[in-house]
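Quick notes on the structure that follows.
Proteins come first, then strands; the chains are lettered A, B, ... in the order of their sequence lines, and each starts at number 1. The shown structure was predicted, so the numbers you read here are calculated from the model rather than taken from an experiment.
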Number of protein chains: 2
Amino acid sequence: MKITIKEIAKEANVSIATVSMVINKKDQNITEVTRNRVLEVVKKYNYIPNAMAGSLVTQRTHIIGLVLPDITNPFFPGIARGAEDKANEKGYSIIFCNTDDKLEVQEKYIESLTKKMADGIIIAHSSSSEKMPEILERCKVPIILIDRDFDSESICGKVLVNNSKGAHMAVSYLVEQGYKKISYLSGPLKTRTAYERLEGYKKALWDNEIQFDEKLVKFGEYKIEWGQKGVKELLEEQEDFDAIFCGNDLIAIGAMKELKKKGYRIPEDIGVMGYDDIYIASLVEPSLTTVRQPNYQMGYKAMELLEERLKKAPGSYNAPSEMKTITLDTEIIVRNSVKTNKKVKP
Amino acid sequence: MKITIKEIAKEANVSIATVSMVINKKDQNITEVTRNRVLEVVKKYNYIPNAMAGSLVTQRTHIIGLVLPDITNPFFPGIARGAEDKANEKGYSIIFCNTDDKLEVQEKYIESLTKKMADGIIIAHSSSSEKMPEILERCKVPIILIDRDFDSESICGKVLVNNSKGAHMAVSYLVEQGYKKISYLSGPLKTRTAYERLEGYKKALWDNEIQFDEKLVKFGEYKIEWGQKGVKELLEEQEDFDAIFCGNDLIAIGAMKELKKKGYRIPEDIGVMGYDDIYIASLVEPSLTTVRQPNYQMGYKAMELLEERLKKAPGSYNAPSEMKTITLDTEIIVRNSVKTNKKVKP
DNA sequence: CTGAAAGCGCTTACAG
DNA sequence: CTGAAAGCGCTTACAG
C-alpha cells in the first residue's frame, strides 16, 4: 500500500537513518550526492513520512486540542480561525471539540485528546462549573485558557479580554461625542461580561466627572427584544438620557429600532453604542458604532503562547511560575457617517 | 512521566498482551479475576493508553480531516458541528483546516493530513479551481465531498444540497399562498447556486402553469444592497409583481427594507422568500419566510458516509463503483405570523 | 486462559 | 560521512 522509509532507503541504497535525516533536514553531515539521491527517490515515489510513527519516538504529535462550547455560536469561529492560522504557521494541526458547556462532554474530549497524545490544549472552559474538572488538573500537557478566566494549577497560560476597558472605551467615546447622560442597557448581571462592562461604564463616568445614576442602568437579556423593551422603559419612566451604551450588539439593534420608531434620529438625537461587533450588526444597522472583541487575536495569541511553551523541554511545562496571562484590548469600530451635532468643542 | 502498558502489566502481574486485550474489550477469553485485577491497576494509575502507538499497528488513527474554505464564513460552522457530532459519536476526532479557497493551501493541508495518517477526509473543495489537485487524486484515504460537486476518481462519496428543489419549494410555497407574479432577485448567475435556483424557479412556475417572464428575473449580488436596488428597479420599471423569491437572505432583507420604505405591507401586499436561513435574517426580519440549508445535516451525513466506508477493509476503499451520493433537501421555515390575504381557496 | 515475540514506521544516540 | 541497533507504546497472531 503506502510506501515506507524502508523502501526509500533500499531504493536509494542508503540506510533508513540517512533517509530520516535528509527528510528532517538534519542533514548537515550528509553529502550533497547522497542527499540528492535520497530526495530523488522520495520524489519519485511521492513518499510522505508517517508522522505518527515519528511521534512515537519524539513524543510530539504536533496536534493541539481546541475545546469550545459550540462552533455554531458566532463568537467562536473567529477564535478557531485565529488558533488554526497560528497553528498552521507553526506546523501544528488542530482537533476541535464542541462541549455545549457540558462538563461530562468536556471530560470525554480531554480524555480523547490525551489518548491521541495532543501536545497541548486550548480551552474555553465551561462557564457553568465552579471547579476545574479533575481530568484537567491531572492533565500532563500544557493548557491555555481563553476568554473565560479560571484558576487552576495546571493552567500554563491565559488569554482574556478586557471587558471593563472595552466598556470604558465605549462610554468615553460617547462622552467625547458630546453625550452626557448615558444609559447602560446591560445583559444579565450574573454574567461576568455584564458585570465587567458595568464596572467599565462606571469608571468612564467617574473619569469624565459625570454623576452615576442608577436609574439609567437596566439589566435584561442579550437579545434584540430587550433592547426594544429597555428603551421603552427608559422613555416611559421619562428618564433624561441622550445616549445608550448597550451590553451587546443585539441589544443595540433593538434599542435603535425602538428609538427610530419613536421618531428619534441616531446619532443626532441619541447616541448608541453596541458591543461585540457581530456581522449582523453591521448589516442591520450600518451606522452602528460598536466595540469589537478581538476573537481572532484571542485564538491566535493562545496558540502562540502554547507554541512557545512547547518549544521548551517537556519537563518544565507546568511550573506555576511560568503562567502567562495576556489581556487583549477591544477596539472601537465607528461606522456613523452622519456627524452628531453634540460634538464637543475642541 | 506518563505511565505505559508495561508498568500496568508488571503491577498487575500479567503480560502486556493481557492488558491490551482487557483495555480493548477483546477480553472474552480473560478470566473475571484477571480482568478485574488489570482494571484495578488501570484505575489506580489513571492509565490512558497511547492511541498513536496503537494506530501504528492497526493503521487507523481515528482522525478525520475536515477541509473548509473558512470557518469564519457563517455557512460552515453548521457543517463543522454536524461532522464533529457524528465523529464524536463514532469515536473519531476531527482536524479542521481553512483553505481560504486557495489551492496551494488546500494541497498543503492534504499533505499534512496524509502525514498524520488521517483515516479519511471531508472536503468542501475550492470552487475556484477546475481540476482536482493531483495530491487529492493520489490520496489513499477515502474522500467525501460536501456542498460543492466535483468529479474525480478518488472521491468515495458526496453530500450535496438540492438547490433546484429548494427554489422549487420556495416558489411553490409562494404560489400556494396565492401569489402569481413572482419575481426572482438572484445572485450572480455565474455561481452554481444562482443557476440551480433559477432552474428550480422556472420549473416551479411551469408546474403551476405560470408563464415565465424574464423581465421578472434580475441578477445581482448576494448582498442587502442588491435586494434594495433590485426592488427599486422592479418598481421603476413598473413591473407587475406580487411576490419576490430572493437568491439569499441578504437579498431578502434588502428587498423587504425597500418595500416597506415604499409603503408596501409584507406579506399582505407582496410576498417575500429568503434563502439560506441565516441567523441574521430571523433577527432582522422576524417574519421572513426562508429556505433553510441543511448545513448541519450535510456535515453529519458526510461523516456518516465516511464512517461506513471506514468500517470496510482498507483495500476496498476507493472502488469507483462504491461512490455514494446523498442529496439533501432544504426546508421551508415559515415565520410569518401575519396571514396573507392572498391565500388560495381550498 | 495467558504469555513471548514480532512488528507497526519511524528517530536517535553510538560506532566506525 | 553513513549504518546497525535499540526503542517509542502498542496489537496481534501464534504457542502452549
Sugar-phosphate, base or nothing in reach of Ser55(B), heavy atoms under 4.0 Å: nothing
Ring geometry between Tyr92(A) and His62(A) (parallel below 30°, tilted from 30 to 60°, perpendicular above 60°):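 If you compare the ring of His62(A) with that of Tyr92(A), the planes turn out tilted.
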Closest to the [X] side chain, choosing from [options]:
X        : options                   : answer
Thr18(A) : dG9(C), dG3(D), dT12(D)   : dG3(D)
Thr34(B) : dC1(C), dT12(D), dG9(D)   : dC1(C)
Ser15(A) : dG3(D), dT11(C), dC10(C)  : dG3(D)
Ala53(B) : dC10(C), dG9(D), dT11(D)  : dG9(D)
Thr58(B) : dC10(D), dT12(D), dC10(C) : dT12(D)

Distance-minimising heavy-atom pair for Met52(B) and Ile63(B): CE-CD1, 4.0 Å
Presence of Thr4(B) side-chain N/O under 4.0 Å of dC8(D) phosphate oxygens OP1/OP2: no
Under 4.0 angstrom between Tyr47(B) side-chain N/O and dG9(D) OP1 or OP2: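 No, outside the criterion.
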Counterpart base for dA13(C), defined by Watson-Crick or G-U wobble contacts under 3.5 Å: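 None - no nucleotide pairs with dA13(C), as no candidate has both distances under 3.5 Å.
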Base partner of dA4(C), which must satisfy Watson-Crick or wobble distances under 3.5 Å: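 Checking every strand shown, dA4(C) finds no partner, since no pair has both distances under 3.5 Å.
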Does the side chain of [X] come under 3.5 Å of the side chain of [Y] through a donor N or O and an acceptor N or O?
X         : Y         : value
Thr61(A)  : Lys116(A) : no
Asp85(A)  : Tyr296(A) : yes
Tyr300(B) : Glu89(B)  : yes

Nearest whole Å is fine: how far is [N] [atom2] from [X] [atom1]?
X        : N      : atom1 : atom2 : answer
Asn36(B) : dC1(C) : CG    : C1'   : 15 Å
Leu56(A) : dG9(C) : CG    : C1'   : 9 Å
Asn13(A) : dG3(D) : CG    : P     : 9 Å
Ile16(A) : dA4(D) : CD1   : P     : 10 Å
Gln59(A) : dG9(C) : CD    : P     : 19 Å
Asn50(B) : dC8(D) : CG    : P     : 12 Å
Ile5(B)  : dC8(D) : CD1   : C1'   : 13 Å
Arg35(B) : dC1(C) : CZ    : P     : 10 Å

Of Ala17(A) and Val57(B), the one whose closest DNA chain C nucleotide lies more 5': Val57(B)
Position toward the 5' end of DNA chain C (nearest nucleotide), Val19(A) or Lys6(A):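 Taking each residue's closest nucleotide, the earlier one in sequence belongs to Lys6(A).
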